[in-house]
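In what follows, a single structure is set out as structure tokens and then discussed.
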Amino acid sequence: MTIALLFGCASTRSVNPQSGAVVDGQSQLDTKIAELGANLLQDQGTDKKLKMVIIPFSDLEYQVSEFGKYVSEGLIGNLAKTGKYAIVERALLYKILEEQKLGMLGIIDDNPAKKVGKILGVDCVVTGTFSVLASRVKINARVIATE
């Protein structure tokens, strides 16, 4: 499953059309990341608690940046709050990647992500990319089943 999120931030402050409240760009981004998390796994089709790992998002050149880490951390926080998912800690992910000599480069593809998921014993891997287009940020997220 892939979900795309387009977030625009032409200025650092805007007005929420529903409430009339002034919302800064950071709050808009956090809101959009929360929406992405809510939509990402809504049709999981199972009652069991999914065990997952969320890998830092990369740009289109597969480089992980602070922004990519911010997006993945936002997803971790929002998905963990639901209580529906068991999230594997980032420290364990990095330890496994190091031990297996797997870099973050190329992890965006299904096969390396499935390999990491199987090593960690998770049901799925959540990852994605982001791109900056003028005053907009587009985030593509993927849920990769490890089976």
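These numbers were taken from a predicted model, which means no experiment stands behind them.
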- Okay, side chain of T146, backbone of V122: is any donor-acceptor separation there less than 3.5 Å? yes
How far does [atom1] of [X] sit from [atom2] of [Y], to the nearest 0.5 angstrom?
X	Y	atom1	atom2	answer
L40	L75	CG	CG	6.5 Å
F130	S65	CZ	OG	3.5 Å
E35	D30	CD	CG	11.5 Å
K84	L50	NZ	CG	10.5 Å
I139	L29	CD1	CG	6.0 Å
F57	E73	CZ	CD	11.5 Å

- D123-Y85 side chain donor-acceptor pair, cut-off 3.5 Å: no
Specify the closest pair of heavy atoms between [X] and [Y], including all atoms of both residues, with the distance to one decimal.
X	Y	value
K138	N140	CE-OD1, 3.7 Å
V125	G117	CG2-CA, 3.8 Å
L79	G37	CD2-O, 3.4 Å
P56	S72	CA-OG, 3.5 Å

- Item | Hydrophobic cluster identity match, F67 and V132, side-chain contacts under 4.5 Å | yes
- Task: Taking the side chain as every heavy atom from C-beta outward, state whether V88 and M52 have any atom pair closer than 4.5 Å.
- Result: no
- Passing option when I76 is tested against V71, I87, V53 for side chain to side chain contact (heavy atoms under 4.5 Å, CB included): I87
- Could I get the full list of salt bridge (Lys or Arg N to Asp or Glu O under 4.0 Å) partners for E66, not counting sequence neighbours? K69
